[in-house]
Asker: 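Let me begin by handing over the structure; questions about it come next.
Counting convention: from 1, in listed order, for ligands and their atoms alike.
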Amino acid sequence: MIVGDGSRTSFWHDCWIASECLATKFQALYTHTMDNQISVKYALQQGLTASLVPRLSETARQECQCLQDLLQDFSLNNERDIRTGGIMGKFTTKNIYDTRLPPGISSPNWNLIWKCRAPLKVKLFAWLLVRDRLSTKQNLLKKKIVQNGVCDVCQQGDETADHMCFTCPFVQSFWERIRVNPTIQDVRLLHQLKPSPNVPELHHHVFFLLCMWAIWNHRHDVVFRGQTPSIRCCLQRCINEAALWAENLKIEDRHVGKLSPPVI
Ligand SMILES: [Zn+2]
């Protein structure tokens with residue numbers, strides 16, 4: 001156990017993820033806190049939202065969903081806080097996550113997602129994707145929020161995370177259009193994605209994540225804005241996202257963000 005009763009551990013400043021404390025990692029959400037000194041005990045027992053302002057921005061809402069996912073199932077005990085392991089002996093959210101897995105087993109997607117160079121919003125999306133926590137039609141059906149789980153993009157199958165990223169006919173056309181074969185059909189196997197001949201090997205995982213992020217957002221355009229599914233629009237979103245993302249890379253690496261012919 002990484003912490004005891006969690007009363008002496010600052011939630012925002014002593015919990016770390018990928019070398020940054022939660023206050024830094026989840027900046028948007030942190031700006032919505034009413035009390036930035038809450039303990040881990042308070043956050044877990046009262047719920048994350050108890051110390052947040054009532055209305056969250058969209059980015060903060062996504063960060064909140066992701067953080068709640070990381071924290072769920074984690075329980076405290078009655079012992080005094082003990083901080084062992086983790087980065088620089090800090091209490092880390094990876095430790096939290098690892099406590100939920102069999103001993104010695106860590107999520108193979110953890111490093112891929114949290115240590116890659118993708119924008120935080122894409123990391124949050126990817127984490128919820130591999131954990132099957134996105135609001136796909138199938139997940140909404142399970143919660144009885146929608147009447148059916150059929151994919152609104154193709155109308156030909158149930159919209160699961162796997163369908164949305166790999167088996168939807170629309171998405172298969174997308175992958176074919178950019179001449180990339182993902183080789184997997186299960187989002188939990190994201191770590192097994194291999195560089196494709198048409199994609200620069202450097203940051204190739206980010207390339208896949210950006211594509212899936214674009215697919216997810218295009219799906220939103222279809223479902224919520226009534227747009228007709230369009231490979232061209234989806235590709236254009238990819239190009240725009242990649243160009244924006246590449247600006248944060250070293251100058252010598254920025255060429256990987258130029259998704260123009262012949263890549264697309
Ligand atoms: Zn579909």
Side-chain angles (χ1 to χ4, degrees), residues 58-59 61-62 65-66 69 107-109 112-113 116 118-119 121-199 204-242 244-245 259-261 263-264:
E58 179 58 20
T59 305
R61 192 193 63 74
Q62 288 177 356
Q65 186 185 359
C66 189
D69 180 64
S107 166
N109 289 315
L112 182 158
I113 292 173
C116 78
K121 65 181 180 183
V122 178
K123 292 182 184 182
L124 297 172
F125 157 77
W127 182 249
L128 294 173
L129 176 73
V130 299
R131 304 268 297 137
D132 195 22
R133 298 294 164 86
L134 290 178
S135 296
T136 58
K137 287 285 292 288
Q138 270 298 302
N139 282 344
L140 293 175
L141 181 64
K142 286 179 199 163
K143 295 177 184 169
K144 298 185 172 33
I145 295 173
V146 295
Q147 303 295 316
N148 67 70
V150 177
C151 172
D152 288 311
V153 175
C154 68
Q155 308 284 348
Q156 291 180 35
D158 290 339
E159 190 195 52
T160 60
D162 296 335
H163 176 91
M164 184 188 77
C165 292
F166 304 117
T167 57
C168 177
F170 173 84
V171 174
Q172 288 178 332
S173 298
F174 169 88
W175 292 121
E176 283 171 17
R177 176 70 178 79
I178 61 174
R179 287 175 286 139
V180 167
N181 179 5
T183 69
I184 61 168
Q185 294 195 341
D186 184 335
V187 292
R188 292 169 301 177
L189 302 179
L190 219 58
H191 59 285
Q192 293 184 5
L193 282 169
K194 298 279 187 299
S196 176
N198 292 327
V199 178
H204 74 275
H205 278 125
V206 181
F207 171 83
F208 281 108
L209 296 185
L210 285 174
C211 286
M212 291 173 190
W213 171 249
I215 291 166
W216 175 243
N217 279 281
H218 185 62
R219 173 254 192 217
H220 279 24
D221 289 340
V222 173
V223 175
F224 301 117
R225 300 178 190 95
Q227 290 188 15
T228 303
S230 162
I231 298 288
R232 187 185 60 77
C233 291
C234 199
L235 290 175
Q236 190 59 52
R237 186 182 281 274
C238 262
I239 293 169
N240 296 344
E241 291 281 353
L244 274 176
W245 157 73
L259 301 182
S260 52
V263 174
I264 287 179

Asker: With 2.8 Å as the limit, count the protein N, O or S atoms near the Zn ion (ligand 1).
Answerer: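 Total protein N/O/S atoms under 2.8 Å from the Zn ion (ligand 1): 4.
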Asker: Please output the side-chain donor-acceptor pairs of residues 161-176 that fall under 3.5 Å, not counting sequence neighbours, one pair per line with the distance.
Answerer:
{"unit_1": "Asp162", "atom_1": "OD1", "unit_2": "Val187", "atom_2": "N", "d": "2.7"}
{"unit_1": "Ser173", "atom_1": "OG", "unit_2": "Pro169", "atom_2": "O", "d": "3.1"}
{"unit_1": "Trp175", "atom_1": "NE1", "unit_2": "Cys165", "atom_2": "O", "d": "2.8"}

Asker: Step by step, would you call Arg232 with Arg177 a side-chain contact (heavy atoms from CB on, under 4.5 Å)?
Answerer: CA-CA 9 Å; Arg232 187 185 60 77; Arg177 176 70 178 79; over 6 Å; no
Asker: Taking salt bridge (charged side-chain N to carboxylate O under 4.0 Å, His left out) as the test, write out the residues that go with Lys121, two or more places apart.
Answerer: Glu241
Asker: Using a strict threshold of under 4.0 Å (side-chain N to carboxylate O), is an ion pair present between Arg237 and Asp221?
Answerer: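 The answer is yes: the pair qualifies as a salt bridge.
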Asker: Can you tell whether the side chains of Lys137 and Asp152 come within less than 4.0 Å, N to carboxylate O?
Answerer: yes
Asker: If the condition is ring-ring contact (aromatic ring centres under 6.0 Å, His included), which residues does His220 pass it with, not counting sequence neighbours?
Answerer: Trp216, Phe224
